[in-house]
2 protein chains.
Amino acid sequence: MVKKYYSITELTREFGVSTRTLRFYEDEGLIQPERRGRTRLFRPADRALIQEILRGRRIGFTIAEIREIIQVYKEPPGEIGQLKLLMKRVDEKRDELRQKRKDIEDTLAELDNVEEACLTRLAEIGVGT
Amino acid sequence: MVKKYYSITELTREFGVSTRTLRFYEDEGLIQPERRGRTRLFRPADRALIQEILRGRRIGFTIAEIREIIQVYKEPPGEIGQLKLLMKRVDEKRDELRQKRKDIEDTLAELDNVEEACLTRLAEIGVGT
DNA sequence: AGATCGATTTACGTAAAAGTCAATTTTTGC
DNA sequence: GCAAAAATTGACTTTTACGTAAATCGATCT
């Protein structure tokens, strides 16, 4: 059986974030762990959601953007105008991400150059001394 | 012949940034445009550098990180310890970027799902009304 | 010269995403 | 059932990357 509950510190250790961060995400409405008294009890679903949030964070999504995506899963908007607007936004986000992916590939290539420059320099110095 | 100089507003229009941003980059030592009196004159090399800076920015590099990469091109550090440290950092950055690229691919796939959810919902509503 | 219009400088302000600190409260280990 | 450890809350602070406002400068047109 999968674990029923995770404590907050358990998750902070697993994901390398602080308790403050997880509480902040709760305040922002991204997660809603259960409570026993005041203590938060994180279910596997909460844990999975945190993973997604952190992934979004790594690629530069704002909290608001992440919240919006989560919302769509919970319940897609009921109004046609809203839906179309959302789809346009999703499309724009995809373009942005494709651009970002290209930026990353270009930068990876550039870092290869930086490394080479370093190796060259190292050889120069190594030889000279 | 390539243009000799660009004005600051010319570049802000081309890249969609404010003059404040370009001056900020100069204050931070990322670019050093020429001067005629107090007015900045941007050469093609400055323009190219700005492109790189903005690319770095898009993928989430901090100003400090961008400055560091630029530095290496201008003159790789002369001390072995420094060089090795830098190479380690470059290696870490590359890992980070590869992770980010994976995050982006996962998120692109997820956005496909979001779009599908929207289409489904649209069909439901469209039929119902 | 005067007017105008962009560019500069200086200083202060701001927003997002947490970090930090201090004062409780809860839970637990025994 | 009580002390120690863990968790919570609220307020305040920090950092990054600019935005904004006000005053000044400088070039150019007429």
Side-chain angles (χ1 to χ4, degrees), chain A residues 3-43 46-47 49-70 93 96 100 103, chain B residues 3-43 46-47 49-71 89 93 96 100 103:
Chain A
K3 205 167 181 184
K4 210 161 173 94
Y5 293 118
Y6 303 87
S7 78
I8 194 167
T9 38
E10 220 170 342
L11 292 181
T12 62
R13 277 184 201 125
E14 175 172 5
F15 295 122
V17 299
S18 70
T19 58
R20 182 71 185 77
T21 298
L22 295 183
R23 291 191 201 108
F24 174 68
Y25 290 159
E26 184 178 0
D27 285 349
E28 290 295 313
L30 301 185
I31 49 180
Q32 285 113 27
E34 280 184 22
R35 294 287 180 121
R36 182 175 52 201
R38 298 195 166 179
T39 303
R40 291 164 179 82
L41 298 174
F42 294 80
R43 284 149 299 182
D46 295 315
R47 180 175 167 283
L49 198 45
I50 290 171
Q51 269 187 312
E52 288 214 38
I53 293 168
L54 296 179
R55 190 179 72 198
R57 184 177 79 162
R58 283 196 299 272
I59 60 181
F61 279 15
T62 67
I63 297 294
E65 288 169 331
I66 293 172
R67 180 170 34 227
E68 196 174 10
I69 293 177
I70 290 175
K93 263 298 159 203
E96 193 188 310
K100 229 169 207 170
D103 287 334
Chain B
K3 204 167 182 183
K4 212 163 172 96
Y5 292 118
Y6 303 86
S7 79
I8 193 165
T9 38
E10 221 169 341
L11 292 181
T12 62
R13 277 183 202 127
E14 175 172 6
F15 295 122
V17 298
S18 69
T19 59
R20 180 71 183 81
T21 299
L22 294 184
R23 291 191 198 109
F24 174 70
Y25 290 160
E26 183 178 359
D27 285 349
E28 290 294 313
L30 301 185
I31 49 181
Q32 283 114 24
E34 279 184 20
R35 295 286 181 122
R36 181 176 56 202
R38 298 194 166 180
T39 303
R40 291 164 177 81
L41 299 174
F42 293 81
R43 285 149 299 181
D46 295 314
R47 180 175 165 284
L49 198 45
I50 290 170
Q51 271 187 311
E52 288 215 38
I53 292 167
L54 296 179
R55 190 179 72 198
R57 185 178 78 163
R58 283 196 299 273
I59 60 182
F61 279 16
T62 67
I63 299 293
E65 287 168 331
I66 294 172
R67 180 171 35 226
E68 197 174 10
I69 293 176
I70 291 175
Q71 265 305 315
R89 303 265 294 283
K93 263 300 158 203
E96 192 188 311
K100 229 170 207 169
D103 287 334

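Chain letters run A, B, ... following the sequence lines, proteins first and then strands; every chain starts at 1. All values below were derived from every heavy atom in this structure, side-chain atoms included, with hydrogens, water molecules and symmetry-related copies excluded.
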Review point. When we call it a touch if two heavy atoms are under 4.0 Å apart, what does B:Arg36 touch: a base, just sugar-phosphate, or nothing?
Key: nothing
Check your understanding: Stem ranges for DNA chain D, with three or more consecutive Watson-Crick or G-U pairs under 3.5 Å?
Key -> C:1-30 with D:1-30
Study note, to complete from the structure: When every non-hydrogen atom of A:Thr19 is compared with those of A:Thr12, the smallest separation belongs to N-CG2, 3.6 Å
Check your understanding: Can you give one letter per nucleotide of nucleotides 6-22 of chain C, going 5' to 3': B for a protein heavy atom under 4.0 Å from the base, S for sugar-phosphate only, - for none?
Key -> -SBB-B-----SSBB--
Review point. For A:Glu28, does its backbone N or O pair with a side-chain atom of A:Arg67 as donor and acceptor, under 3.5 Å?
Key: yes
Check your understanding: Could you give the distance from CD1 (A:Ile8) to CZ (A:Arg20), rounded to the nearest 0.5 Å?
Key -> 10.5 Å
Exercise for review: Write down the distance between CG (A:Leu22) and P (D:dA6), rounded to a whole number of angstrom.
Suggested key: 17 Å
Exercise for review: Apply the salt bridge (charged side-chain N to carboxylate O under 4.0 Å, His left out) test between A:Arg47 and each candidate in A:Glu52, A:Glu10, A:Glu14; give the one that qualifies.
Suggested key: A:Glu14
Exercise for review: Tell me, please, which residues at least two apart from B:Thr39 pass side chain to side chain contact (heavy atoms under 4.5 Å, CB included).
Suggested key: none
Exercise for review: Using the salt bridge (charged side-chain N to carboxylate O under 4.0 Å, His left out) rule, pick out the option among A:Arg58, A:Arg57, A:Arg55 that qualifies with B:Asp103.
Suggested key: A:Arg58
Check your understanding: In terms of heavy-atom contacts, does CZ of A:Arg36 have more than 12 from other residues, nucleotides or ligands at under 6.0 Å?
Key -> no
Point to revise | Where A:Leu41 and A:Asp46 come nearest, the two heavy atoms and their spacing | key: O-OD2, 4.0 Å
